[in-house]
Amino acid sequence: MIDIKYIRSNPDIVRKAIVDKNEKADLDTLLAADEKRRKLQYDFDQLKAQQNAVSQVIAQKKRAKEDANAELSEMSKVAEEIKIIQSALNEINYEVESLLLTIPNIPHPSVPVGRDEALNEVIRHEGEARKFGFEPKDHLDVATANEMLDLPRGAKISGSGFPIYTGIGAKLERAIITFMLEYHLQKHGYRELMVPLVVNRKTMTGTGQLPKLEEDMYHISEDDLFLIPTAEVPVTNIYSDEVLSFKDLPQKFVAYTPCFRREAGSYGKDTRGLQRLHQFNKVEMVRFVEPEQSEAALEEMLADAEDILKAFGLHYRVVSLCTGDLSFASQKTYDLEVWAAGSGKYLEVSSVSNFGEFQARRANIRYKDPEGKMRHLHTLNGSGLATPRLMIAILESYQQADGSLEIPSVLKPFMELRV
RNA sequence: GGAGAGGUGACCGAGCUGGCUUAAGGUGCACGCCUGCUAAGCGUGUGUAGGUCAAAAGCCUACCGAGGGUUCGAAUCCCUCCCUCUCCGCCA
């Protein structure tokens, strides 16, 4: 969330951020509520000070066995007043907090302003698109020919969007995950975490999925728990309500998890094969850094994600999301879009974002800087990578004229493990 | 799920028959003094958030797992919930 003090003194910047991000936050109501809250807090403090002072007098008189009835009756009135203000204060505090949670993060100045994805900025292209001496098939045909997927039975046991990877398909998926994890561990210096796939409401609010995106989440109502839409949620929240030392920073984590998304509102859009799923696998990178380091860390993380695509020899492009396509919590985001050689389009396989202190404020993650000052650290995360569309790109780029699939050389060691 | 014990400031730990404790004492940390260095010793300081102020100092308010209640006054009494540990039950 944004610092209320910042909002108070820079309402225009915040208002512009809300418009640029196509959000519907009610800034005026928030400012009015904040004003009211401060007034009530002042009155409360005054009365409390009086009560504390007179309580001392009462205590003294009682100890000296003197009569304190005058003070007692005076204080019973004050106590009643305090009770009324207290409950009004609780109410307004809740209102301010709730409204504050609906204010989006402010885009970084370098982010292009634009209404929707059409105005995203393609920064550069990398790698060569494979040329075929034959008519390439799309990933679903390749997968079917090689018995790697069973989508109908996945739909039967769970619903559409819940894929079954079969035989060599399952093994390939597992190899991709393991390869990416080991790459980040060994070449990029991340620390691996295995985390819960189910989190509570507070955790979902900490990273910014709630309250806005509740309908996109699978919810276990009996326990008020949510299936994670990304490992970002549990991993970023591991330090919630904690104070780290500057000596602990930076920290870099990588975690593999399945991800669960209801994808409400996107039915019928790009649904063929593995393009859009309710459950998919993803390796996620998360960083905790000092504020001064976050911009450099974003570039580093982008490079970390790109290294995976390079290792597979895939063609891709780097896109800087415009304000309208930026997520609620993000300050700046790069997407990596891999070239699907068979279907002839770019598919998003990674999203690398700097959240500034936005998530750290929500989740209350702080650190002590070298001067001993308490500050909110900055958080970042990036997919490294999400597997389904990577699988699409691999199937389409590595298909052979005879319909078989070549295994990318970097995956071979993971496909050939012996027991 | 059942029974018991417990959750206090960076850490340890007292307070828990309600008011000279709006948190003792210790450790750690910071600064100073002292000793040739280190250690020891001595002294001072030591949280977070909000408010007041041009700013700092100072002062005020809140915070003893969370929320609510009793009371003029709650770390201390009562209720609900959460978490940790031990034992029992169930179970991969």
Side-chain angles (χ1 to χ4, degrees), chain A residues 1-9 30-101 194-206 210 220-226 234 237-249 251 258 288 291 357-358 360-377:
Chain A
M1 74 178 98
I2 311 284
D3 187 358
I4 184 66
K5 282 185 279 188
Y6 181 89
I7 297 177
R8 218 179 277 145
S9 45
L30 170 61
L31 289 169
D34 173 52
E35 189 64 32
K36 192 173 163 197
R37 183 183 67 81
R38 294 169 71 197
K39 282 211 179 79
L40 280 169
Q41 182 71 53
Y42 179 80
D43 293 345
F44 178 79
D45 285 355
Q46 295 303 308
L47 285 171
K48 259 301 196 182
Q50 185 190 353
Q51 184 182 67
N52 287 342
V54 178
S55 282
Q56 292 301 311
V57 175
I58 293 172
Q60 256 169 22
K61 289 202 168 179
K62 290 227 161 179
R63 262 197 306 276
K65 306 257 192 267
E66 291 171 30
D67 175 68
N69 284 334
E71 285 82 1
L72 283 175
S73 73
E74 182 197 355
M75 279 306 99
S76 83
K77 276 185 226 128
V78 172
E80 233 166 275
E81 231 179 307
I82 287 176
K83 200 170 275 186
I84 291 163
I85 293 185
Q86 171 87 266
S87 84
L89 193 57
N90 286 347
E91 214 170 291
I92 198 77
N93 271 333
Y94 178 79
E95 193 186 338
V96 169
E97 282 302 309
S98 304
L99 287 167
L100 212 43
L101 289 175
M194 286 194 97
V195 295
L197 307 181
V198 166
V199 299
N200 59 33
R201 190 169 283 276
K202 182 168 183 283
T203 300
M204 274 297 186
T205 307
L210 292 181
I220 302 160
S221 60
E222 199 172 0
D223 301 298
D224 199 23
L225 295 170
F226 298 85
N237 278 285
I238 59 174
Y239 290 132
S240 64
D241 294 319
E242 289 191 36
V243 179
L244 307 183
S245 161
F246 70 94
K247 293 177 201 149
D248 300 328
L249 300 174
Q251 290 204 32
F288 300 91
E357 62 171 36
F358 189 81
R361 264 186 196 283
R362 288 188 159 234
N364 190 27
I365 309 170
R366 295 175 297 175
Y367 81 104
K368 275 209 161 119
D369 74 7
E371 279 80 51
K373 256 182 60 184
M374 201 70 105
R375 302 177 67 188
H376 291 278
L377 49 73

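Here is how names work: the chains are called A, B, and so on, in the same order as the sequence lines, proteins then strands, and each is numbered from 1. Given the structure is predicted, the values throughout are model-derived calculations rather than measurements.
A/Asp248 places a side-chain N or O within 3.5 Å of a backbone atom of A/Ser245 that can act as its donor or acceptor partner.
Side-chain contact between A/Met374 and A/Lys368: present, with at least one pair of heavy atoms (C-beta onward) separated by less than 4.5 Å. You'll find the side chain of A/Val96 reaches within 4.5 Å of the side chain of A/Leu30, heavy atoms only. Taking the side chain as every heavy atom from C-beta outward, A/Phe226 and A/Leu210 approach each other to under 4.5 Å. Residues A/Asp223 and A/Val198 have side chains not in contact (no heavy-atom distance under 4.5 Å, counting atoms from C-beta outward).
By the side-chain hydrogen bond (donor to acceptor under 3.5 Å, both in side chains) test, A/Asn200 pairs with A/Thr203, sequence neighbours left out.
Heavy atoms only, all atoms of each residue included: A/Ile2 and A/Arg361 are closest at C-CD, 4.2 Å. In terms of heavy-atom proximity, A/Thr205 sits nearest to A/Arg362 at O-NH1, 2.9 Å. Pairing each heavy atom of A/Ala33 with each of A/Glu95, the nearest pair is CB-OE2, 4.1 Å. The two atoms that bring A/Val199 and A/Pro234 nearest to each other are CG1-CB, 4.2 Å, heavy atoms only. Shown here for A/Ile85 and A/Phe44, the closest heavy-atom pair between the two residues is CG2-CB, 3.9 Å. A pairwise comparison of heavy atoms in A/Pro291 and A/Tyr367 identifies CD-OH, 3.2 Å as the closest pair.
Nucleic acid contact for A/Arg8: sugar-phosphate only, since backbone atoms but no base atoms lie under 4.0 Å from a heavy atom of the residue. At a threshold of 4.0 angstrom between heavy atoms, the contacts of A/Lys39 with the nucleic acid are absent.
Comparing B/C20 with B/G13, their C1' atoms sit 23 Å apart, to the nearest whole Å. The gap from the P atom of B/C82 to that of B/C29 amounts to 40 Å, rounded to the nearest Å. Only the P atoms considered, B/G51 is 42 Å distant from B/C42, to the nearest whole Å. Nucleotides B/A24 and B/C64 have their P atoms positioned 15 Å apart, rounded to a whole Å. Across the P atoms, B/A57 and B/U46 are found 12 Å apart, a figure rounded to whole Å. When the C1' atom is compared between B/U84 and B/G69, the two are found 26 Å apart, to the nearest whole Å. Between B/A55 and B/C34, the two C1' atoms lie 38 Å apart (nearest whole Å). Between the C1' atoms of B/U8 and B/C63, the separation comes to 12 Å (whole Å).
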Both atom distances under 3.5 Å, Watson-Crick or G-U wobble: I'd like the secondary structure of RNA chain B as a dot-bracket string, with | for pairs made across strands.
((((((((.[[[..)...(.....]]]((((((.......))))))((((((.....)))))).[[[[[..)....]]]]])))))))....
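What separates OH of A/Tyr42 from P of B/C59 is a distance of 17 Å, to the nearest Å. As rounded to whole Å, 17 Å separates atom P of B/C20 from atom NZ of A/Lys61. Computed from coordinates, the A/Asp241 CG to B/C63 P distance equals 18 Å when rounded to whole Å. Atom CG of A/Asp45 is separated from atom C1' of B/C60 by 7 Å (rounded to the nearest Å). If you take CD1 of A/Ile85 and C1' of B/G50, they are 16 Å apart, rounded to a whole angstrom. Remark: P of B/C63 and CG of A/Leu89 are 12 Å apart, rounded to the nearest angstrom. Remark: C1' of B/A10 and CZ of A/Phe246 are 14 Å apart, rounded to the nearest angstrom. Look at CG on A/Asp34: it is 13 Å from C1' on B/G51, rounded to the nearest Å.
Both A/Gln56 and A/Lys5 sit near RNA chain B, but only A/Gln56 has its closest nucleotide nearer the 5' end. Ranked by how close their nearest RNA chain B nucleotide is to the 5' end, A/Arg63 and A/Arg37 are led by A/Arg63.
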Per-nt protein contacts along nucleotides 69-84 of chain B (heavy atom under 4.0 Å; B base, S backbone sugar-phosphate only, - none) come out as -S-BS-----------
For residues 68-82 of chain A, which side-chain donor-acceptor pairs fall under 3.5 Å, sequence neighbours excluded?
from    : atom 1 : to      : atom 2 : distance (Å)
A/Asn69 : ND2    : A/Asp67 : OD1    : 2.9
A/Glu71 : OE2    : A/Lys61 : NZ     : 3.1
A/Ser73 : OG     : A/Ala70 : O      : 3.2
A/Glu74 : OE2    : A/Gln50 : NE2    : 3.3
A/Ser76 : OG     : A/Ser73 : O      : 3.1

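The side chain of A/Arg38 approaches B/U52 more closely than any other nucleotide in the set B/U52, B/G50, B/G19.
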Please determine whether side-chain hydrogen bond (donor to acceptor under 3.5 Å, both in side chains) holds for the pair A/Asp45 and A/Gln41, giving the CA-CA distance in whole Å, both sets of side-chain angles, and the decisive distance to 0.1 Å.
CA-CA 6 Å; A/Asp45 285 355; A/Gln41 182 71 53; 3.0 Å; yes
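Shown for residues 90-98 of chain A: residues whose heavy atoms fall under 4.0 angstrom of RNA chain B, namely A/Asn90.
Side chains of A/Gln51 and A/Lys48: a donor-acceptor N/O pair is present below 3.5 angstrom, by distance only.
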Can you tabulate the close N/O pairs, meaning under 3.5 Å, that link protein atoms to atoms of nucleotides 46-48 of chain B?
from  : atom 1 : to       : atom 2 : distance (Å)
B/U48 : O3'    : A/Arg366 : NH1    : 3.2
B/U48 : O2'    : A/Arg366 : NH1    : 3.3

